[in-house]
Each structure stands twice: as structure tokens, then as C-alpha cells.
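One structure is given below, encoded as C-alpha cells.
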Amino acid sequence: MNCLISAGPTREWIDPVRFISNPSSGKMGYALAQVAHNLGMDVTLVSGPVSIEPPSGVKTISVETALEMKDAMLEFSETADLIIMCAAVCDHRPQKKCDHKVAKENIPETLLLQKNPDILKILGSQKKPGQILVGFAAETHDVLASAKKKLIKKNLDWIVVNDVSNHEIGFMSDTNEVIVLGASDEVERISLADKSIIAKKILHVVYPQWQIKAP
Ligand code: PMT
């Protein structure tokens, strides 16, 4: 059973000393990778820059930008049975990256951006028969409706929704609370717990063939 997981943020460089990013710590994706490995899956983790230890026994590929993450995810998706896209990919990157540090007085007041590819949508458009594709949704309002739209638009089997307007869960915290929505309208609520427990319960929902004993 090959499992491919993405985690962490991406960094979109403006110049060699400045970038656009987000607060993802990698904790949720790393917990999923560790649990999947402990369950006997062959796990590849594609990770943006984080400061936590890589999960033991997991092949970890480090990337920085959304474009690098896209290349790695597409490469390893070829042989993946289960793909979980937990990374917080920056939706945009600067139109131009400067090779040298831009002096403070020369920084324009407006930064021109261009869209990054939607990695999950690409994975959904080329899903292999039998492959299970799971996305995450970081929402602050109309949480379920927004997540449902993403599930359909990106051709997912499951989407894991976290309400990131609650600072006790989601980005950076050790805990999370999620709702897992299925393409056939299944709704599983997983209440507040450590991210390792949440990870076990998510895997149990999206791949019930694994008999998981959550503590
Ligand atoms: O890392 P932690 O600090 O533990 O925090 C965990 C988390 C909050 C980052 C995680 O639980 C989470 O919600 N991850 C998804 C964050 C996100 O980017 O959500 P979104 O609703 O913007 O994107 C929807 C889905 O599309 C996600 O699976 C995302 O990986 C994917 N996406 C988004 C943009 C893009 N250009 N390419 C993508 O593949």
C-alpha cells in the first residue's frame, strides 16, 4: 500500500531574503505520515519547510515552492494508492523573483502576483482507477459549503475540513478538530484531540480496510 502525503507550507520568494508563506507547521501532515507508516503503509512525505523532526521510517522529500511541490507530488502520485494533500500551498507567487536583495527604498508598494497551479486539482484530474484522493480545506466561514465545493471541483474522494478561525486548532497547534466529508455525502465529525489521534481517525474513515485501534 503506497501512501503519498504532503505537509507544511510553501515559500514563494520575492528576493533572496523575503518570501510569502503561511503559518503551517507541518504537524498535521507529519502525524498522518507517522500513523500511516505505523500501520504498515509505504509512505512518501513531500514537505515544505518546517522545523519539526521527520517521521521515522518515512521517505521524506523536502521542497520549498509550490512549483517544486507540484513536481514531487506528480512524480510520486504515479504509484500511490492513497494520496493526502495536507500541505498549505500558497495560491500565488510573486510574478518576478529578484536574484539580489532589493534595497528597502526600491521595494514597490504593490507586489504583482501570479497564480500557482492547484496541485490537488491536477491530481484529481488524473486520478488512477482505485486511487483514493483526500484533500484538506482550511476554512474560516461557510465551512462545510466551501469544503463541499472543493471536494467536487477537485474530484476528491474525501475532504478533511478544519475551521482555522479557531486558534486552538488547525495551523501550528498540537490539536485539531475536523469534519471529514465524502464524495457520497458521508459526514464524519472528529472532535478535538491531539493531531496523532486525529490522524488515526482520518485514516480510519478514508481507508476503513485498515483496522485502526485509536486509543
Ligand atoms: O501544518 P499544521 O500547522 O499542522 O496545520 C495544518 C493545516 C491547517 C495546514 C491543515 O490541517 C490544512 O488545513 N491543510 C490545507 C490547507 C489549505 O491550503 O487549504 P485550502 O482550503 O486553501 O486548500 C484546499 C486543498 O487544496 C488543500 O488540500 C491544499 O493542499 C490544496 N491546494 C491548495 C492550493 C494549491 N495551489 N494547490 C493545492 O493542492
Side-chain angles (χ1 to χ4, degrees), residues 4-12 20-35 45-55 63-74 76-77 82-93 113-127 132-181 190 192-199 201-203 206:
L4 173 63
I5 298 175
S6 71
T10 64
R11 276 183 189 169
E12 311 301 329
I20 302 170
S21 193
N22 62 63
S24 171
S25 63
K27 288 178 186 173
M28 189 67 248
Y30 277 46
L32 283 161
Q34 189 66 72
V35 169
L45 173 65
V46 174
S47 175
V50 298
S51 54
I52 55 175
E53 287 297 309
V63 297
E64 271 205 328
T65 65
L67 294 180
E68 290 168 4
M69 185 170 279
K70 181 194 85 170
D71 289 346
M73 290 302 288
L74 293 188
F76 292 104
S77 68
L82 170 63
I83 303 176
I84 307 179
M85 191 78 203
C86 183
V89 185
C90 288
D91 288 310
H92 295 85
R93 64 182 185 277
L113 300 174
Q114 64 181 309
K115 270 193 183 162
N116 272 329
D118 188 324
I119 303 169
L120 189 56
K121 197 168 168 207
I122 299 171
L123 291 168
S125 70
Q126 54 187 49
K127 197 159 57 170
I132 302 166
L133 184 59
V134 184
F136 266 70
E139 305 294 348
T140 56
H141 58 283
D142 295 335
V143 172
L144 286 183
S146 308
K148 179 86 188 166
K149 275 188 204 153
K150 289 178 187 175
L151 173 95
I152 294 166
K153 191 170 123 196
K154 303 190 190 201
N155 191 28
L156 308 179
D157 298 293
W158 300 94
I159 194 156
V160 180
V161 196
N162 34 205
D163 180 348
V164 291
S165 65
N166 176 352
H167 293 294
E168 282 170 34
I169 64 168
F171 286 113
M172 291 187 289
S173 64
D174 290 334
T175 53
N176 209 352
E177 180 179 299
V178 302
I179 303 171
V180 188
L181 298 181
I190 305 179
L192 185 71
D194 190 87
K195 281 179 175 167
S196 59
I197 310 276
I198 299 286
K201 293 186 175 178
I202 290 171
L203 283 169
V206 303

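In each ligand, atom 1 is the first atom listed, and ligand 1 is the first ligand listed.
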Can you name the closest pair of heavy atoms from [X] and [Y] and give their distance?
X      : Y      : answer
Ile132 : Trp158 : CG2-CD1, 4.1 Å
Ser6   : Met73  : CB-SD, 3.9 Å
Ile52  : Ser25  : CD1-O, 3.7 Å
Pro117 : Lys70  : CG-CD, 3.6 Å

Side-chain heavy-atom pair [X], [Y] within 4.5 angstrom cut-off:
X      : Y      : answer
Gln114 : Glu12  : no
Glu139 : Ile179 : no
Leu133 : Asn155 : no
Ile84  : Leu203 : yes

Of the protein's non-hydrogen atoms, which lies at the shortest distance from [atom], and what is that distance?
atom                    : value
atom 14 (N) of ligand 1 : Cys86 O, 2.9 Å
atom 19 (O) of ligand 1 : Ala138 N, 3.4 Å
atom 34 (C) of ligand 1 : Asp91 OD1, 3.2 Å
atom 1 (O) of ligand 1  : Ser24 OG, 2.6 Å
atom 18 (O) of ligand 1 : Ala88 CA, 3.5 Å
atom 25 (C) of ligand 1 : Phe136 O, 3.1 Å
atom 2 (P) of ligand 1  : Ser25 OG, 3.3 Å

Return yes if some donor-acceptor pair links the side-chain N/O of [X] with the main-chain N/O of [Y] below 3.5 Å, else return no.
X      : Y      : value
Ser21  : Thr10  : yes
Arg93  : Lys115 : yes
Gln34  : Ser196 : no
Asn162 : Val164 : no
Lys195 : Ser173 : yes

[X] near ligand 1 by a heavy-atom separation under 4.0 Å:
X      : result
Pro117 : yes
Lys195 : yes
Ala66  : no
Met69  : no

So is there a nitrogen or oxygen of [X] less than 3.5 Å from a nitrogen or oxygen in ligand 1?
X      : answer
Asn116 : no
Val164 : no
Ile119 : yes
Met28  : yes
Pro23  : no

Taking only heavy atoms of [X] into account, list the atoms of ligand 1 that are under 4.0 Å away from them.
X      : answer
Lys27  : 1 (O), 2 (P), 4 (O)
Met172 : 2 (P), 3 (O)
Ala137 : 21 (O)
Met85  : 27 (C), 28 (O), 30 (O), 39 (O)

Who's closest to [atom] heavy-atom-wise, of [options]?
atom                    : options                       : answer
atom 5 (O) of ligand 1  : Gly170, Ser173, Ser146        : Gly170
atom 31 (C) of ligand 1 : Ile84, Val50, Leu120          : Leu120
atom 33 (C) of ligand 1 : Lys150, Lys115, Lys154        : Lys154
atom 35 (C) of ligand 1 : Thr140, Leu32, Val89          : Val89
atom 13 (O) of ligand 1 : Asn162, Leu123, Ile198, Thr10 : Asn162

Salt bridge or not for Lys127 and Asp157, using N-O below 4.0 Å?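 Salt bridge: yes.
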
Qualifying residue for side chain to side chain contact (heavy atoms under 4.5 Å, CB included) with Ile198, from Val160, Val178, Thr175: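 Per the side chain to side chain contact (heavy atoms under 4.5 Å, CB included) rule, the option paired with Ile198 is Val178, out of Val160, Val178, Thr175.
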
Applying a 4.0 Å heavy-atom criterion (strictly less than), which segment of Ala87 is in contact with ligand 1: side chain, backbone, both, or neither?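 The backbone, only.
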
With backbone taken as N, CA, C and O and side chain as the heavy atoms from C-beta onward, which portion of Lys121 lies under 4.0 Å from ligand 1: side chain, backbone, both, or neither?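 It is neither; nothing of Lys121 touches ligand 1.
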
Any luck finding a side-chain donor-acceptor pair between Asn22 and Ser24 under 3.5 Å?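 There is no such pair between these side chains.
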
